**Q** 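One structure coming up, written as structure tokens, with questions to follow.
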Amino acid sequence: MAPASKADRKAALDVASWMFNVVTSVGIIMVNKALMATHGYGFATTLTGLHFTATTIMTVVLRCLGYVQPSHLPVPDLIKFVVFANLSIVGMNVSLMWNSVGFYQIAKLCMIPVSCFLEVLFDKVRYSRDTKLSILVVLIGVAVCTITDVSVNARGLIAATIAVWSTALQQYYVHFLQRKYSLGSFNLLGHTAPVQAASLLLLGPFVDYWLTRQRVDTFNYNIIAVFFIILSCIIAIGTNLSQFICIGRFTAVSFQVLGHMKTILVLVLGFFLFGREGLNLHVVLGMLLAVAGMIWYGNASSKPGGKERRSFSMPSGKSQKDGLLTESGQLDEKV
């Protein structure tokens, strides 16, 4: 009975972690859509810097209260992670500006095969035939319900390539660093969020001016706009934390595959909140196909041989000796 109850507890925590990520991710998209579309706040890079500032404050408060224990992350690994993460943010914004919505969606779909390639290359992961087919079904379903016009240009292709590879590397690094240094989600955020906040707040206004030809300091910060900015920052704390928790518990590929459930939910909520003119038969069929693929992927990857990873030995250094993995893992489970 003990193994079964332990497996049930793990499954319940996996579901809770995933729902936490889905709710916060969909919530922040809806808030940012209202902030940018309704109130004209188009400074996405600066807004992301504010998100990480709020996340930094959260990690500092938790550390002061004793909920997060001290940990160590080598500076070279920290710098590589922040470079990948910031390139991902800027690359996605530039890709959306320079490409059509259709090609932007295709680029986002390419993150799954790129993440698979990274896992095969670095972790020697092997996927079964059913797992590969289920990923293909998810890709086809999401493509059917999201891709409309597709036009490509040279600079847009370069921006999309940088965005896809940097995002895949950033997500792979989340899982890699947590395993290698026995870091919990709060610990890893405590190392990375301050550096990302500082760098994005420093470079964000210049990047946003390049993208929008508007200065962030000249925006009309009325009460409603400020409220949406603060609300976006609060939700972003949960989004950043839940991403680290989910990638730590699963993998970057699983995070990408199941993450398209958020795409489906955003489409559905968009139809109800911002108009139903885009709802038609092929969109509904694409959603159903994508959901079926996600369910298939969950079943196929959890079976023996569905997704096999080479064993990774955890270091027995000071971080484990201090109980960091246990304590931070318990805190993640509480969240």
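Fair warning: this is a prediction, and the values are worked out from it, not measured in the lab.
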**Q** Can any side-chain N or O of Asn32 pair as donor or acceptor with the backbone N or O of Ser232 at less than 3.5 Å?
**A**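 Here the side-chain-to-backbone pair does not exist.
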**Q** For Tyr221, does the OH atom have more than 12 heavy-atom neighbours from other residues, nucleotides or ligands under 6.0 Å away?
**A**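 Enclosed.
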**Q** Could you tell me whether a side-chain N or O of Asn187 sits under 3.5 Å from a main-chain N or O of Gln69, the two making a donor and an acceptor?
**A** yes
**Q** Can you establish whether the number of heavy atoms outside Ile223 located under 6.0 Å from its atom CD1 is more than 12?
**A** no
**Q** Is the backbone N or O of Ala163 less than 3.5 Å from a side-chain atom of Ser166, with the two atoms forming a donor-acceptor pair by type?
**A**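 Yes, because the side chain of Ser166 sits within donor-acceptor range (under 3.5 Å) of the backbone of Ala163.
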**Q** Hey, are the side chains of Gln178 and Ser185 touching, using non-hydrogen atoms and a 4.5 Å cut-off?
**A**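 Of all side-chain heavy-atom pairs linking Ser185 with Gln178, at least one is under 4.5 Å.
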**Q** Are Phe84 and Phe81, when compared by the centres of their aromatic rings, separated by less than 6.0 Å?
**A**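 Between Phe81 and Phe84, which both carry aromatic rings, the centre distance is not below 6.0 Å.
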**Q** With clusters defined by side-chain heavy atoms of hydrophobic residues (ILVMFWY) lying less than 4.5 Å apart, directly or transitively, does Ile135 cluster with Val125?
**A**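 Yes.
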**Q** Could you check whether the rings of Tyr41 and Phe43 sit parallel, tilted or perpendicular, using 30° and 60° as the cut-offs?
**A** perpendicular
**Q** Answer yes or no: is there a side-chain heavy-atom contact under 4.5 Å between Tyr181 and Leu188?
**A**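 No; the side chains remain at least 4.5 Å from each other.
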**Q** Test Trp18 against Arg249 for side-chain contact (heavy atoms from CB on, under 4.5 Å), laying out the working first.
**A** CA-CA 10 Å; Trp18 191 252; Arg249 296 188 71 88; over 6 Å; no
**Q** Is there a donor in the side chain of Asn21 and an acceptor in the side chain of Thr239, or the other way round, less than 3.5 Å apart?
**A** no
**Q** What are the two closest non-hydrogen atoms of Gly156 and Phe103, and how far apart are they?
**A** O-CE2, 4.3 Å
**Q** Go through the steps for Arg179 and Asp123 under the test side-chain contact (heavy atoms from CB on, under 4.5 Å), then give the verdict.
**A** CA-CA 12 Å; Arg179 288 182 295 136; Asp123 293 339; 3.4 Å; yes
**Q** Which atom pair, heavy atoms only, marks the closest approach of Leu289 to Val137?
**A** O-CG1, 3.5 Å
**Q** Under 3.5 Å, is there a donor-acceptor pair between the Tyr127 and Ser301 side chains?
**A** no
**Q** Under the side-chain hydrogen bond (donor to acceptor under 3.5 Å, both in side chains) rule, what do Ser88 and Thr167 come out as? Steps first, then yes or no, please.
**A** CA-CA 5 Å; Ser88 170; Thr167 301; 2.5 Å; yes
**Q** We want to know whether Thr48 and Thr45 form a side-chain donor-acceptor pair, criterion being a heavy-atom distance below 3.5 angstrom.
**A** no
**Q** Evaluate the side-chain proximity of Lys124 to Glu119: yes if any heavy-atom separation is below 4.5 Å, no if none is.
**A** no
**Q** Hey, does the Lys NZ or Arg CZ of Arg63 hover above the aromatic six-ring of Tyr67, less than 6.0 Å from the centre and inside 45° of the axis?
**A**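 Judged by the rule (NZ or CZ under 6.0 Å from the ring centre, within 45° of its axis), Arg63 is not positioned above Tyr67.
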**Q** Does either side chain, that of Thr212 or that of Asp208, offer a donor lying less than 3.5 Å from an acceptor on the other one?
**A** no
**Q** Do Gln214 and Tyr209 come within less than 4.5 Å of each other through their side chains, counting heavy atoms only?
**A**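 The answer is no, as the side chains (C-beta and beyond) never meet within the 4.5 Å cut-off.
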**Q** When you look at CD1 of Ile224, are more than 12 heavy atoms from neighbouring residues, nucleotides or ligands closer to it than 6.0 Å?
**A**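 Incorrect, the count does not exceed 12.
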